Amino acid sequence: MIRISNVSYAIAGTTILEDIDLAIPSGGVTALIGPNGAGKSTLLSLIARLLPLSSGTITLDGLPVDRTPTRALALRLAVMAQEGSVASRLRVEELVGFGRFPHHRGRPRAQDQAAVAEALALFDLEALADRFVDTLSGGQRQRARVAMAYCQGTDYLLLDEPLNSLDIIYARALMRTLRRIADDRGRTIVVVLHDLNHAAAHADRIVALREGRLVADGPTGEVMTTATLQRVFGDTIPVAEVDGHRIALHFV
Amino acid sequence: MAERGWTSPKARLLLLAAGAALSVLAFMTVGLKGGLAFALELRAVRLAALVEVAVAVAVSTVVFQTITGNRILTPSIMGLDALYSLLQALAVFTLGGLGYAMLPATAKFLGEAGLMALLGTALFLPLLSRRGDIPTLLLAGVVLGVLFRSLSLMVARLIDPNEFAIVQSARYADFNTLDATLLVPCLGLTGLGTLLVWRARHVLDVMALGREAAVGLGVAWRRSATALLVLVGALTAASTALVGPVAFLGLLVVALAERTVGTVRHGPLLLGAMLLAVILLVGGQTILAQLLDNVLTLGIVIEFFGGLAFLILITRRRR
């Protein structure tokens, strides 16, 4: 369980998050949605202790994220932040292997190698294992980064816009894989998504932010309504139902 | 995954080690004349000093480049050795030439090295929020370097001309007149610093991925970066104290090491950079002194090629 209480965050006087109170239950896929600048990435970074918490508390299974040793947290929570600089001259297998660092601190054992092999297979990266990361396309690199976070083998997996630069087939494959990881292995996955329909199709819960405030939090079916989406995005988005799937018609 | 045979990092490191051993052997034996024991002892002391400088420069450069997220900037390009010269000028100025000369050399050096580690960390820690932003870091380095050099020049003008000679001797890279009194403390400090960096080599691998990725993988970024910057400051002091500032040596050896060893892992990279620095300094000194009869000084040759490497790296950085 991730419990967020009274969290506010400001950068140079500009409020990014205001009074967020939220509980993300263990297990399942939770999607974080909202318009640009809503504070989704900031919230994710605060949970993952990538940004310093200035007010409020965030706990992970009861552990305060800002006061728990970062190494102990790395065994419980893995995070894929939005792409920063890309490490050059690293092979895909090496990059994914870094996910095991919290477990072996530099001396990989047999079970670490097995975990890397499993992650490469799961994210369809076996053919790319020996390629240098800086020779990959954006989408391939994105998959390698998700595989690295998965490889960390933690109960909680936080992903910031993992579908960035993935084509439609790989985007769907990745969401299905996340779904499977959550269902079969009991992992808790929190994912920032831009595409409402991926959230609708694969997430159990949707948390919606707007201008730094929490506007919706509930089971996917309850959030995926025209009325709620109106409150989140400030515009009318028709929602249709096709073959039992809620679909936001945001492109018409 | 890893290449085997003569192209594997291990084989390349062995070749470098052979090259370094050959350089050391040549340095000790070529052109020996006169009293053998005396000449060998003299050479052994100078060899130890050259190796110490090579290791200190190589290790501090690799560490600095990894924490600041680039392979172009080095502690000396950022003005850290100019800071050391400034500290020395200030010490001479406040204590007087005689007072400065009368201080025990080891205590003086350790004090300066400690101050360097402190000041260097205080200066560069705030810059780490700009990690990977090379133009900004470069600008900061140029400004800091000019500032320290002008300040030590200004202090030098305030000093008595006789005492100025003491400062002057510490300002230029000079591989012929080494300060032998400092050899033992410098060797000790470099050994200790290198050992600590070696133990952190896996953490350095992770830190090379960037702050966010490293924190996600359980590396206490701020604590590790601070500790490593302290080591960079101490190692820079240990090399500057012996031969004076060498701006581009670190840049040259790390750039060459990365291409020769062919991996970005810090274990092989550190070893490769150290071995290449030994080849460059010890081998270079042998060639210049024995074959070319000292028509050029090693400092100038290294600055020339290092400067070229710097320009090439800067102009080719297009990503």
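Every chain is numbered from 1, with letters handed out A, B, ... down the list of sequences. Computed from a predicted model, the values in this text were never measured in an experiment.
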Within the supplied structure, the quantity of interest is the number of heavy atoms (other residues, nucleotides, ligands) at a distance under 6.0 Å from [X] [atom1]; does it exceed 12?
X: Arg109(A); atom1: CZ; value: yes
X: Arg185(A); atom1: CZ; value: yes
X: Arg3(A); atom1: CZ; value: no

- [ ] Identify which part of Leu73(A) has an atom lying under 4.5 Å from any heavy atom of chain B, answering side chain, backbone, both or neither.
- [x] neither
- [ ] Name the region of Leu77(A), side chain, backbone, both or neither, that has any atom closer than 4.5 Å to a heavy atom of chain B.
- [x] backbone
Open item on the list: If you compare all heavy atoms of Gly216(B) against all heavy atoms of Ala74(A), which two are closest, and at what distance to 0.1 Å?
Closed with: O-CB, 3.6 Å
Task: Considering all heavy atoms, the nearest Ala81(A)-Glu212(B) contact - done: CB-OE1, 3.0 Å
Task: Arg107(A) vs His202(B), side-chain contact (heavy atoms from CB on, under 4.5 Å): CA-CA, chis, key distance, verdict - done: CA-CA 9 Å; Arg107(A) 285 175 191 75; His202(B) 299 302; 4.3 Å; yes
- [ ] Would you mind reporting whether Thr70(A) and Trp221(B) have side-chain heavy atoms less than 4.5 Å apart?
- [x] no
Open item on the list: Let's go through Leu209(B) and Met148(A) carefully: what are the C-alpha distance in whole Å and the side-chain angles of both, what is the deciding distance for side-chain contact (heavy atoms from CB on, under 4.5 Å) to 0.1 Å, and is it a yes or a no?
Closed with: CA-CA 12 Å; Leu209(B) 299 175; Met148(A) 170 180 156; 4.1 Å; yes
- [ ] Run the numbers on Phe98(A) and Asp205(B) for side-chain contact (heavy atoms from CB on, under 4.5 Å), then give the verdict.
- [x] CA-CA 9 Å; Phe98(A) 272 118; Asp205(B) 285 338; 3.8 Å; yes
Open item on the list: Quick check for you: to the nearest 0.5 Å, what is the distance between Leu217(B) atom CG and His103(A) atom NE2?
Closed with: 9.5 Å
Task: Val215(B) backbone acceptor or donor facing Arg49(A) side chain under 3.5 Å - done: yes
Task: N/O donor-acceptor pair under 3.5 Å between Arg89(A) side chain and Gly262(B) backbone - done: no
Open item on the list: I'd like to know if Arg265(B) pairs up with Glu94(A) as an ion pair, taking the criterion as any Lys NZ or Arg NE/NH1/NH2 lying under 4.0 Å from an Asp or Glu carboxylate oxygen.
Closed with: yes
